[in-house]
Structures are given as structure tokens and as C-alpha cells.
Amino acid sequence: MKHCLDDLALFGGPPCFSEPLHVGRPNLLKPHQLRTRIDEILDRRWFTNNGPYVEEFEQRIVQHLGVSHCVAVCSGTVALQILIRALELTGEVIVPSFTFVATAHALKWQGLTPVFCDIDPGTHNLDPDRIRSHITSRTSAILGVHLWGRPCDVDALGQLGEQYGLEVLFDAAHAFGCSYGGRMIGSNGRAEVFSFHATKFVNAIEGGAITTNDAELAGRLRLMRNFGFSGYDQVESVGTNGKMNEFSAAMGLTCLDSLDAILEINRRNDRLYRDCLSDVPSLSSIEYPKTERQNRQYVVLEVDPDAAGLSRDQLLKLLTAENVLARRYFYPGCHRMEPYRSLYPDAGRSLRVTEALADRVLLLPTGTSIGDDQIEIVGQILSFCIDHAVEIRRLL
Ligand SMILES: *Cc1c(COP(=O)(O)O)cnc(C)c1O
């Protein structure tokens, strides 16, 4: 507990935590289940090339999400790249800038032009009203991102897609186990893409998947992830190596086995943070749609710097010194990273909400490796800093 300014680690006190608290520490509740599966893989000597665990992982996802097809691959980024290529998109694709840079990179990698569209300040997702002004004769698709697991306005994006003849896809990297309109995310648009990176809700160490109800598309994606092979000696088209390996699938399955327990922990952490910060109105926790399922994988605060008396970056510095390694996702926004910054130096003019949020959002450590006491201490550090903002500003 911090009692005076000298107690703050930034000003010479001992850090609150001797071991750092991380954002995105991997979830693994039952390591023994993983060990059992790994032993089986070692005994089978079947390490990759569509092994039994990869097939089981795909089947479990199909069941969990209520979607027809799941194509598991080696990462979320490769999932995006393969999907974009399989759909033969051309020209420009409308995408948010407030997302992990892989969303934009996957387009650029495929020779497409990401066109950054501003977001809704309430949902942090693509603002459907703003999309229209970015549509040109070169636009081929809209790529929405269900940021923090909060669903995009899928219906509005679908209507725009229909009206203008555009493909509608979703980067659902954050949204495994979340719903839109009461239905699990995974079936929206032409296809949706998941990431099973170690930091995500379902962790396969590295991994990703494309889910779709389009059987023909799923077939093409399967060819593409395996060099275009349709049989032992038969190649149908240009492909790559996007295969998921058995060890990743084993981790993914182990995570799916404990999904309810992980979700319960995420919910509890989220509730505890909200309680701890309920009398700090300058730090607002994002709201989730009450009627939808959520995974609560991210604890996201918006810092109001005027009301708090400290900026998001000042709070980050104070927390980091205490070994609370909070993160400012997705600062500074794709459009202010290379190559996009040089390509579109004026993009910021139409991305006011993105730029404001990129300066205000702070993610706190959550997940299965943080305890209630630790969350309470993080809450206390934040309230203490804001209570003493005036003096802290003088010392910074
Ligand atoms: C994690 C993430 C990706 C990339 O997934 P990888 O599995 O790390 O390649 C893409 N988009 C978003 C929004 C992400 O958070």
C-alpha cells in the first residue's frame, strides 16, 4: 500500500511487485492435460500435416461456434493472408487503424491497399456511417475487427457490402467465445479469422483459424495452407505453408477443455477491477453489450487526462515502475506506423476518434496468473496516483 509519494517506485520506493505482472500471460490451467497429449504426439510420431489433434481442434471449434467449416493454420496473420488471397481481393480494403498492425499488414502483404476508416468512440469498432465516404471504384472489401471481443456492427457492414458489391470479412482475433445477435462469432460475413496466439483467449502457442459457412471457400483455403496439394503428387494452385502443428493443436485443445474456467476467472478479474476503480471516474472501464456473450480477455481503461490530472502515458510510467506492465494497445494506430505513415501522411485528419483513443486506452494485466490481492493493489496504485496527481505532476 502506498502512503506517500516517496513510496511510489518511480520516486524511489520499492516496487509493489517483485515479479512483473504482464498483459497477455498465456492461459494454461491444466498443464498435466497438455503433457498427456504431448506424450501421445511423441508416441505417434505424427507432428504435423493435418494430424489427429489438428482435426479434433477444428471439429471442436466448429461445434463451439456453430459454423460449418474451420481451417486451422499456423497464425492469425497467415489466416488473414490466406483468406484475402483466396478471395482474390483487389485494390483497396476498408479497415480500422485502431487494431493490431497485422490486420493492415496482411492486406499490404497481399499487394492490397488498406484504407483506414475511423471508429465509433463507444464500441472502438468501424463506424458504419464513415465507411461509405471511403468507398471508391477500387474498393473490394470491408475488413472489420471485433476489438476487445466487442462485435462490429455486422448487420450494417453486411448491408454496405451488399449495396456496393463488397466482400465483408472479420478479424475476430479477440472474439473467440463472443457473440453477435446471440450467435457465436465465427459465421459472420464471408469468413472470420481467429488468432490462437499465446496471449489470446484460446492459446495454441501460435495459431489461427478461418471459419466460414462457404464450403467451396473452405476447400480453397485448405489447399492454400498446404502448398496447393490436393493429393500426394498433385498440386492445384499456388499455396504456402500455413499448417498448424500437433503441439499447437494439443495446447489449443487443452485450452478449450478449460474454457469455462478461464472465462470465469476473466469475468471475476474484470468485476474486481471495476469495483476497485468505481470511485475513480477519470478511469472508465469499457462497457460490453449486456445481451452478448463475452470472453473478457482484456481489461481496457480509458483515461480522461483532464479529469485524472495525469495522462495515460504518465500512469503507464508509474505502473511500470511498480512492475505492473500495463500496455497501450493499439498505440499509435496503424496509420502512424510504417509503411502507412509515409504512404498516407494525412490519414490522421479523418481518424480523430482513433487518434484520441490511441492516447487514452490502457490495458491492465488480467488472466489466470493474477490474483485478487494483486488486482486490488493495482487498483490502489491507480487511485493513489490520481488522488496525488498535482504533486506527481510536479515531480515527473
Ligand atoms: C493477435 C492479432 C492478430 C494476429 O494474430 P497472430 O496469431 O498473432 O498472427 C490479428 N489481429 C488482431 C486484432 C490481433 O489482436
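In what follows, every heavy atom counts, from backbone to side chain, and hydrogens, waters and symmetry copies are set aside. When a ligand or atom number is given, it counts from 1 through the structure's own listing order. Nothing fancy with the numbering, it's 1 onward along the sequence.
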Checking Arg274, Arg268, Arg267 against Asp270 for salt bridge (charged side-chain N to carboxylate O under 4.0 Å, His left out), the one that qualifies is Arg274

Between Phe196 and Phe57, ring centroids under 6.0 Å: yes

Could you list each N/O atom of ligand 1 together with any protein N/O atom closer than 3.5 Å, one pair per line with the distance?
residue  : atom   : partner : partner atom : Å
ligand 1 : 5 (O)  : Ser195  : OG           : 3.2
ligand 1 : 7 (O)  : Gly76   : N            : 2.8
ligand 1 : 7 (O)  : Ser195  : OG           : 2.7
ligand 1 : 9 (O)  : Gly76   : N            : 3.3
ligand 1 : 9 (O)  : Thr77   : N            : 2.9
ligand 1 : 9 (O)  : Thr77   : OG1          : 2.6
ligand 1 : 11 (N) : Asp171  : OD1          : 3.4
ligand 1 : 11 (N) : Asp171  : OD2          : 2.7
ligand 1 : 15 (O) : His174  : NE2          : 2.8
ligand 1 : 15 (O) : Lys200  : NZ           : 3.2

Donor-acceptor contacts, no H, no angles, side chain residues 10-28, under 3.5 Å, sequence neighbours left out:
residue : atom : partner : partner atom : Å
Asn27   : OD1  : Thr368  : N            : 3.4
Asn27   : OD1  : Thr368  : OG1          : 3.0

Applying salt bridge (charged side-chain N to carboxylate O under 4.0 Å, His left out), which residue pairs with at least one partner in residues 150-173 are found, sequence neighbours left out? Glu167-Arg190

For residues 232-271, pull every pair meeting ring pair (Phe, Tyr, Trp, His ring centres under 6.0 Å), keeping only residues two or more places apart or in separate chains. Phe47-Phe247

I would like to know whether Glu58 and Arg225 meet salt bridge (Lys or Arg N to Asp or Glu O under 4.0 Å); could you show each step before the answer? CA-CA 14 Å; Glu58 288 181 340; Arg225 92 174 152 183; 2.9 Å; yes

